[in-house]
*Asks:* 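Structure below; questions to follow.
In what follows, chains are A, B, ... by sequence order, proteins preceding strands, each numbered from 1.
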Amino acid sequence: MSAAPTSDFLREAQERGFIHQITDAAALDARLKAGPVAAYIGFDCTADSLHVGHLLSIMLLRLFQRTGHRPVVLIGGGTTKVGDPSGKDEARRLLSEAEIEANKAGIRRTFDAFLDFGPGKALMLDNAEWLDSLLYIPFLRDIGRHFSVNRMLTMDSVRLRLERDQPLSFLEFNYMLLQAYDFLELYRRHGVILQMGGSDQWGNIIMGADLVRRLEGAEAFGLTTPLITTASGAKMGKTAAGAVWLNPERVSPYDYWQFWRNVDDADVGRFLALFTELPMAEVRRLAALRGAEVNEAKKVLATEATALRHGRAAAELAAETARRTFEQGETAETLPSVTLPAEMLAAGAPVAAVLVRAGLAKSNSEARRLVAQGGVRLNDAPVTDPTATLTAEMVAAGPVKLSVGRKRHVLVRAA
RNA sequence: GGAGGGGUGCCCGAGCGGCUAAAGGGGACGGACUGUAAAUCCGUUGGCGCACGCCUACGUUGGUUCGAAUCCAACCCCCUCCA
């Protein structure tokens, strides 16, 4: 990175660690200072919720809006119909029109928490709008002519595949063109001059920027974010239960808080900068904490990150629930809970079955195994008998805390 | 189109007629130690009211055998070389 950027957006983005590459940092910096700019990031719509893996992009768009610009969320409704073949072993199941619509709605709900979509503010668009009606011959003639196969072959995404003798379908080869075309459409329709995305999108992004430049004679820019891995090298956002989703129906605010509370020590500073909006001075102070004090930083990270997604109240509640559960050893009645039907309790509900019902074990076998290994506790008392049952009397006085391991707790309630 | 090679559990990867629910590693989970961290050590890791039992599982479908992930046939998919 050459001269330090002076626009609010680039300066803060750089300071917080969002930037990996920029096509023309100085020119972009100047444009951002001259007035509001529109920028977009593309998202798949293969699921009805985004997950923590998308959060970096979301936070970047949020920062973009906060610094006075217009973020555009581009949903790949059109490209999802084709199915992105990259990086997948098996062909992905094609989604129906209705599924795509449902997914878009879910994704929209996620974004509503992060961006202001009011009049003149952020936009959410679907590339199906222009891709669905695309005609092959005119597309080839008008757009395809501007793409040099020679150059496409030198792009990392293509070159690496070819070098490793991995197959590359024509469809996939074309993906680049479709992506570039999105940029062109967004420029024409909404004056978008900047595309952002993960570092793996660099090739696609510069193709798009070039296309806009050629056909419209306009300056267009690209910016990529670094690939975020955890200190232990894994792609972030995966836990035992799977992806850490951003929609509360999939991951509760409490579990979301716990996810951030449990990051590696080595990740806390970086994550505070990227996934919260605390002033950098505060981020640096927290990141400098050592030893057991790091826990303070993690709690701040968890609460701030949760507040951004689920609101301050839900975040505080999750923090308080955790404090009472972990630090006081109490049974906080705000923990996630399962309710057992009366007839199940009347007959004596096997602990194993309750574990499965509570989502703490995937099968009865696993539940029994957990008990056998001494990993299960009822109100903090270890369960040693694999055939133990929960009775109505046990739950009559109030919810019972069922725990697996040190960290997973669920309240069991009577219906 | 022709000739070879290959498809194994969450992933990688052994196995190549019975001793195989399938070595080993990774990951994940539980335990110990801690700070709801990392590292380390121990254990677990298909399902089923599971102690002996039963069911499902090694690309798909059939077949040979007392017995198949292992042999045969056809089919599907992938890779390599040739045209």
*Asks:* Taking atom P in both B:A69 and B:G18, compute the distance separating them and give it to the nearest angstrom.
*Replies:*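 After rounding to an integer number of Å, I get 11 Å for this pair.
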*Asks:* Rounded to whole angstroms, how far apart are CE on A:M344 and P on B:G49?
*Replies:*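 These atoms are roughly 12 Å apart.
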*Asks:* Could you tell me how far apart A:L370 (CG) and B:G30 (C1') are, to the nearest whole angstrom?
*Replies:*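 Going from CG in A:L370 over to C1' in B:G30 covers 6 Å.
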*Asks:* Between B:G26 and B:U61, how far apart are the two C1' atoms, rounded to whole Å?
*Replies:*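 Those two atoms are separated by 34 Å.
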*Asks:* Where is the tightest heavy-atom contact between A:A349 and A:L340, given as atom of each residue plus distance?
*Replies:*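 Reported closest heavy-atom pair: CB-CD1, 4.2 Å.
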*Asks:* Please name all residues satisfying side-chain hydrogen bond (donor to acceptor under 3.5 Å, both in side chains) with A:R11, sequence neighbours left out, ordered by chain then number.
*Replies:*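 Residues passing side-chain hydrogen bond (donor to acceptor under 3.5 Å, both in side chains) with A:R11: A:D8.
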*Asks:* Name the pairing partner of B:C75, where a pair is Watson-Crick or G-U wobble with both distances under 3.5 Å, or state none.
*Replies:*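 Across all strands, the one nucleotide that pairs with B:C75 is B:G59.
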*Asks:* Which is true for A:A353 with a 4.0 Å heavy-atom rule: it touches a base, it touches only sugar-phosphate, or it touches nothing?
*Replies:*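 Since no nucleic acid heavy atom lies under 4.0 Å of A:A353, the category is nothing.
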*Asks:* Choosing from B:G30, B:U36, B:G35, which nucleotide comes nearest the side chain of A:D265?
*Replies:*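 Looking only at heavy atoms from C-beta outward on A:D265, the closest nucleotide is B:G35.
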*Asks:* Between A:H54 and A:F111, is the ring centroid distance below 6.0 Å?
*Replies:*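 Here the rings of A:F111 and A:H54 have centres that are no less than 6.0 Å from each other.
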*Asks:* Answer with base, sugar-phosphate or nothing: what part of the nucleic acid does A:E327 contact at a heavy-atom distance below 4.0 Å?
*Replies:*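 Since no nucleic acid heavy atom lies under 4.0 Å of A:E327, the category is nothing.
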*Asks:* Look at all strands and tell whether A:W260 reaches a base, only sugar-phosphate, or nothing, counting heavy atoms closer than 4.0 Å.
*Replies:*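 It contacts nothing in the nucleic acid.
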*Asks:* If you measure from the C1' atom in B:U60 to the same atom in B:G1, how many Å do you get, rounded?
*Replies:*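 Pairwise C1' distance, B:U60 against B:G1, rounds to 25 Å.
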*Asks:* Confirm from the modelled atom types if A:N364 and B:G49 form a donor-acceptor pair under 3.5 Å, side chain to base only.
*Replies:*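 Result: no qualifying N/O pair found.
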*Asks:* Ignoring hydrogens and geometry beyond distance, is a side-chain donor-acceptor pair present between A:D29 and A:T6 at under 3.5 Å?
*Replies:*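 Side chains of A:D29 and A:T6: pair found under 3.5 Å.
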*Asks:* Once you apply a heavy-atom cut-off of 4.0 Å, does A:V376 come out as touching a base, just sugar-phosphate, or nothing?
*Replies:*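 The answer is nothing, as A:V376 stays clear of every strand by at least 4.0 Å.
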*Asks:* Rounding to a whole Å, what distance do you find between A:R270:CZ and B:A37:P?
*Replies:*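 Distance, rounded to whole Å: 19 Å.
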*Asks:* Need one value for A:R369: base, sugar-phosphate or nothing, where a base atom within 4.0 Å counts as base even if backbone is also close, heavy atoms only.
*Replies:*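 Sugar-phosphate only.
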*Asks:* Provide, to the nearest angstrom, the distance between the NZ atom belonging to A:K298 and the P atom belonging to B:U34.
*Replies:*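 Those two atoms, NZ and P, are 17 Å apart.
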*Asks:* P atom, B:A21 versus B:C58: distance in rounded Å?
*Replies:*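 That atom pair is separated by 14 Å.
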*Asks:* Just by distance, with hydrogens left out, do A:R250 and A:S49 show a side-chain donor and acceptor under 3.5 Å apart?
*Replies:*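 Result is no, nothing qualifies.
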*Asks:* Closer than 4.0 Å, any side-chain N/O of A:R406 to the OP1 or OP2 of B:G35?
*Replies:*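 The answer is no; no side-chain N or O of A:R406 sits under 4.0 Å from OP1 or OP2.
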*Asks:* Roughly how far apart, to the nearest Å, are B:G63 and B:C52 at atom P?
*Replies:*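 About 33 Å, rounded to a whole number of Å.
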*Asks:* B:C48 and B:U56: how far apart are their P atoms, nearest whole angstrom?
*Replies:*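 Between the two P atoms, the distance is 15 Å.
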*Asks:* Please give the distance between the P atoms of B:G4 and B:C72 as a whole number of Å.
*Replies:*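 These two P atoms come out 14 Å apart once rounded.
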*Asks:* Which whole number of Å gives the distance between the C1' atom of B:C10 and that of B:A28?
*Replies:*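 Approximately 8 Å lies between the C1' atom of B:C10 and that of B:A28.
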*Asks:* May I ask you to verify if any side-chain N or O of A:K407 is less than 4.0 angstrom from the OP1 or OP2 atom of B:G31?
*Replies:*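 So the side-chain polar atoms of A:K407 never come under 4.0 Å of the phosphate oxygens OP1 or OP2 of B:G31.
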*Asks:* Could you tell me the separation between the CG atom of A:D267 and the P atom of B:A37, rounded to a whole number of Å?
*Replies:*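 Taking CG of A:D267 and P of B:A37, I get 14 Å after rounding.
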*Asks:* If you assign A:G375 and A:E293 each to the RNA chain B nucleotide with the nearest heavy atom, which residue ends up on the more 5' nucleotide?
*Replies:*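 Whichever sits nearer the 5' end wins; that is A:G375.
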*Asks:* Could you check how far NZ of A:K362 sits from P of B:G9, rounded to whole Å?
*Replies:*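 So the two atoms are 17 Å apart, to the nearest Å.
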*Asks:* Quick one: look up who B:U36 pairs with, Watson-Crick or G-U, both distances under 3.5 Å, and put none if it's unpaired.
*Replies:*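 By the stated definition (distances under 3.5 Å), nothing pairs with B:U36.
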*Asks:* For the pair made of CG in A:L355 and P in B:C29, what is the distance, rounded to whole Å?
*Replies:*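 So the two atoms are 16 Å apart, to the nearest Å.
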*Asks:* Under 3.5 Å for both donor-acceptor distances, Watson-Crick or wobble: does B:A51 have a partner, and if so which one?
*Replies:*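 Pair assignment: B:A51 / none.
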*Asks:* When you get a sec, tell me which of B:U36, B:A37, B:G30 is the closest nucleotide to the side chain of A:R261?
*Replies:*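 Among B:U36, B:A37, B:G30, the one nearest the side chain of A:R261 is B:U36.
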*Asks:* Under 3.5 Å for both donor-acceptor distances, Watson-Crick or wobble: does B:C19 have a partner, and if so which one?
*Replies:*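 Partner of B:C19: none.
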*Asks:* What does B:C81 pair with, Watson-Crick or G-U, if both distances are under 3.5 Å?
*Replies:*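 Check on B:C81: paired to B:G2, both distances under 3.5 Å.
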*Asks:* Nearest heavy atom decides the nucleotide; on that basis, is A:V294 or A:E366 closer to the 5' end of RNA chain B?
*Replies:*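 Its nearest nucleotide being more 5', the pick is A:V294.
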*Asks:* Which residues satisfy the side-chain hydrogen bond (donor to acceptor under 3.5 Å, both in side chains) test with A:N364, sequence neighbours excluded?
*Replies:*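 Result, side-chain hydrogen bond (donor to acceptor under 3.5 Å, both in side chains) vs A:N364: none returned.
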*Asks:* Across the strands shown, which category fits A:S363 at heavy-atom distances under 4.0 angstrom: base, sugar-phosphate, nothing?
*Replies:*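 Sugar-phosphate, backbone atoms only, no base.
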*Asks:* Between A:R369 and A:E366, does any side-chain N to carboxylate O distance fall below 4.0 Å?
*Replies:*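 No, this pair does not count.
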*Asks:* Counting side-chain heavy atoms from CB outward, which of B:G49, B:U44, B:A32 is closest to A:Q373?
*Replies:*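 In terms of side-chain proximity for A:Q373, the closest of B:G49, B:U44, B:A32 is B:U44.
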*Asks:* Once you round to the nearest 0.5 Å, how far does NE2 of A:H69 lie from CG of A:L194?
*Replies:*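 A:H69 NE2 to A:L194 CG: 9.5 Å, rounded to 0.5 Å.
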*Asks:* Let me know the distance between CZ of A:R408 and P of B:A28, rounded to the nearest Å.
*Replies:*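 Rounding to the nearest Å, CZ of A:R408 and P of B:A28 are 13 Å apart.
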*Asks:* State the pairing partner of B:G27; accept Watson-Crick or G-U wobble contacts with both distances under 3.5 Å, and report none otherwise.
*Replies:*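 Paired with B:G27, as far as the under-3.5 Å criterion goes, is B:U45.
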*Asks:* Checking contacts here: which listed nucleotide (B:C48, B:G31, B:G30) is nearest the side-chain heavy atoms of A:S365?
*Replies:*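 Given the options B:C48, B:G31, B:G30, the side chain of A:S365 is closest to B:C48.
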